[in-house]
There are 2 protein chains.
Amino acid sequence: MGRSDTRARIQGAATVLFRRHGYSATGLKRIAAEADAPFGSIYHFFPGGKQQLAEDMIRTSGTEYGRMVLALLDSVPDPVESLVHAFEAAADSLAAADYADACPIGTVALEVASSNEALRIATAEVFEEWVGAATRWFGRWVAEPETARSLAYSMVMTLEGAFMLSRAARDPEPLRVAGRSMATLLRAAIARADGE
Amino acid sequence: MGRSDTRARIQGAATVLFRRHGYSATGLKRIAAEADAPFGSIYHFFPGGKQQLAEDMIRTSGTEYGRMVLALLDSVPDPVESLVHAFEAAADSLAAADYADACPIGTVALEVASSNEALRIATAEVFEEWVGAATRWFGRWVAEPETARSLAYSMVMTLEGAFMLSRAARDPEPLRVAGRSMATLLRAAIARADGE
DNA sequence: ATTACAGTAGAGCGATCTATCAAGAACACA
DNA sequence: TGTGTTCTTGATAGATCGCTCTACTGTAAT
């Protein structure tokens, strides 16, 4: 039976390269080389070729990344502090990775939005998954579901935009600003509910 | 002297294609075809090849897009309403363009951030230009320069993130949420200044 | 031993990529 | 009419793309 980890190595290399350089700029030969796997093995394990490799990567690492962020948010009791802390952690880890590894699907999402329907849908479903999870998290401190959902959208969007600016400028500052903005947004939502 | 508009047509086609599909997925042959120009003319007008074409596009359409957004913000007197209105307009125009044409440099920015230093710097400088202009705009209603700059960062980041989610989901809702979030953020900044 | 199958391995296909090149067309000024 | 410059044009090079294909190796069960 399948007794090797070749498949996992291919998936791992694909995840890193797609996340770092995007879909079009990543070649299968490069994935095979980086995974230290024979080229043919890619098509053995992923008969759907490059697209299947990317779709698997989007869904797998998308779900995993969402869980990671949620766990990070749960690691600090106060939600406002937690937001600042989570964005701070993202800033630190991005800088530590030399501004290469940010959101696992952001780059691909923009690339394929108007040219590859299957991959576009995969990214959309991952984003929806994130927004849903974040809505439930905000729902713990904000009563109205609509407000919680707006905050969730804002958090995902701000994170994605901050990743873009931080990577372009090679500067963690945008991510830090993003965290403080989200904190302000949550405080405003809680204050509005309290005040009326 | 240069009496044809071939150069402009090439630049226009490059702008559309880079914005829509990104840097790697856009081929020079395709640009020439779309511009209805001979292939060789690309290298006549842009000796630096694909990279020069992209860098010109980033700086030119980046500056133009920034001016466009600022003009849009100035078209409504009340700043809070103006933010909502501007994001609403972005949502409408994105939907009208079948979710193809959003930020002219966002896709390229993520693609090249870790693989093409010249283009990375070009995108970073455009973002800095936008943040600077937006800081001056917010400065008209917010006294502290630091607060104005944070709001400017937030606006650019939120816009970029909202474009990503809206394009992926083919849904203008994220952009609308983004506008309301920015309005809340500005109201909070003004209220804090007034209250203390 | 034989059969069967999972995985390894990479040569090679047609297509496409960026970039170069040389020749021709159109225009200005003598 | 000559002459030089600007611009046009597409063939072509050389590399790389995603993908297919065939042959080979190792293991496990009959």
Side-chain angles (χ1 to χ4, degrees), chain A residues 1-58 107-108 111-112 114-120 122, chain B residues 1-58 107-108 111-112 114-120 122:
Chain A
M1 282 277 262
R3 289 227 53 278
S4 88
D5 56 350
T6 306
R7 189 196 151 95
R9 288 205 316 278
I10 291 172
Q11 213 165 23
T15 301
V16 169
L17 291 172
F18 282 141
R19 148 139 79 167
R20 200 169 293 185
H21 306 294
Y23 184 68
S24 294
T26 300
L28 293 184
K29 295 235 163 84
R30 176 102 189 270
I31 292 177
E34 213 85 11
D36 203 16
F39 182 82
S41 292
I42 291 181
Y43 281 87
H44 175 74
F45 292 109
F46 303 89
K50 191 180 187 180
Q51 177 165 318
Q52 185 194 339
L53 211 42
E55 190 171 341
D56 277 25
M57 174 271 191
I58 290 166
T107 308
V108 177
E111 262 188 290
V112 303
S114 299
S115 50
N116 188 317
E117 195 61 2
L119 296 186
R120 193 216 103 221
Chain B
M1 283 275 262
R3 288 230 53 279
S4 88
D5 57 348
T6 307
R7 188 197 152 96
R9 289 206 316 278
I10 290 172
Q11 213 166 22
T15 301
V16 169
L17 291 173
F18 282 142
R19 150 140 77 168
R20 202 168 290 183
H21 305 293
Y23 184 69
S24 294
T26 300
L28 294 182
K29 291 228 162 91
R30 178 106 189 268
I31 291 177
E34 215 84 11
D36 203 16
F39 181 81
S41 292
I42 291 182
Y43 281 88
H44 175 72
F45 293 108
F46 303 88
K50 191 181 187 179
Q51 177 166 318
Q52 185 192 341
L53 210 42
E55 190 170 341
D56 277 26
M57 174 272 190
I58 289 166
T107 307
V108 177
E111 261 188 291
V112 304
S114 300
S115 49
N116 189 318
E117 195 61 1
L119 297 185
R120 192 216 104 219

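So that the names make sense, note that chain A is the first sequence line, chain B the second, and so on, each numbered from 1. For the numbers below, each heavy atom of this structure counts, side chains included, while hydrogens, waters and symmetry mates do not.
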**Student:** Examine distances only and state if a side-chain atom of A:R20 and a backbone atom of B:S114 form a donor-acceptor pair shorter than 3.5 Å.
**Tutor:**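 No: the side chain of A:R20 does not pair with the backbone of B:S114.
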
**Student:** Could you state the NZ-P distance from A:K29 to D:dC19, rounded to the nearest angstrom?
**Tutor:** 11 Å

**Student:** If I take atom CG in residue B:D36 and atom C1' in nucleotide D:dT9, what distance separates them, rounded to the nearest angstrom?
**Tutor:** 13 Å

**Student:** Just call it for B:S24: base, sugar-phosphate, or nothing, with non-hydrogen atoms closer than 4.0 Å on any strand.
**Tutor:**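 Nothing, no nucleic acid heavy atom in range.
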
**Student:** Rounded to whole angstrom units, what separation is found between the CZ atom of B:F45 and the P atom of C:dT18?
**Tutor:** 19 Å

**Student:** What distance separates A:F39 CZ from A:H44 NE2, expressed to the nearest 0.5 Å?
**Tutor:**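 The CZ atom of A:F39 sits 14.5 Å away from the NE2 atom of A:H44.
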
**Student:** Using atom CD1 of A:I42 as one end and atom C1' of D:dG18 as the other, report the distance to the nearest whole Å.
**Tutor:**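 So the CD1-C1' distance, A:I42 to D:dG18, works out to 10 Å.
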
**Student:** Rounded off to whole Å, could you give me the CZ-to-P distance for the A:R30 and D:dC17 pair?
**Tutor:**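 Interatomic distance, CZ of A:R30 to P of D:dC17: 9 Å.
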
**Student:** Quick one: does B:S115's side chain have a donor or acceptor within less than 3.5 Å of a partner on A:H21's backbone?
**Tutor:** no

**Student:** Give a yes/no answer on whether the side chain of B:S41 brings an N or O atom under 4.0 Å of OP1 or OP2 in D:dC7.
**Tutor:** no

**Student:** Out of D:dC7, C:dA19, D:dC19, which has the shortest distance to the side chain of B:L28?
**Tutor:** C:dA19

**Student:** To the nearest 0.5 Å, what is the distance between CE (B:M57) and OH (B:Y23)?
**Tutor:**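 Between B:M57 CE and B:Y23 OH, I get 12.0 Å after rounding to 0.5 Å.
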
**Student:** Has A:T6 got a side-chain N or O lying under 4.0 Å from the OP1 or OP2 atom of C:dG7?
**Tutor:**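 Negative; the distance criterion is not met.
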
**Student:** Tell me: NE2 of B:H44 to P of D:dT5, nearest whole Å?
**Tutor:**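 Value for this atom pair: 14 Å.
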
**Student:** Using a cut-off of 4.0 Å on non-hydrogen atoms, how would the nucleic acid contact of A:G40 be classed: base, sugar-phosphate, or nothing?
**Tutor:**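 The answer is base, as A:G40 lies within the cut-off (heavy atoms under 4.0 Å) of a base atom.
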
**Student:** Would you kindly give the NZ-to-P distance between B:K50 and C:dA19, to the nearest whole Å?
**Tutor:**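 Checked: the NZ to P distance equals 8 Å.
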
**Student:** Quick check: on DNA chain C, is the nucleotide nearest B:F39 upstream (toward 5') of the one nearest A:R9, or the reverse? Name the residue that is more 5'.
**Tutor:**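 The residue closer to the strand's 5' end, by nearest nucleotide, is A:R9.
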
**Student:** Can you check the A:N116 CG to D:dG18 C1' distance for me, whole Å?
**Tutor:** 14 Å

**Student:** Between CG of A:D5 and CD of A:Q11, what distance do you get to the nearest 0.5 Å?
**Tutor:**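 Rounded to the nearest 0.5 Å, the CG-CD separation comes to 12.0 Å.
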
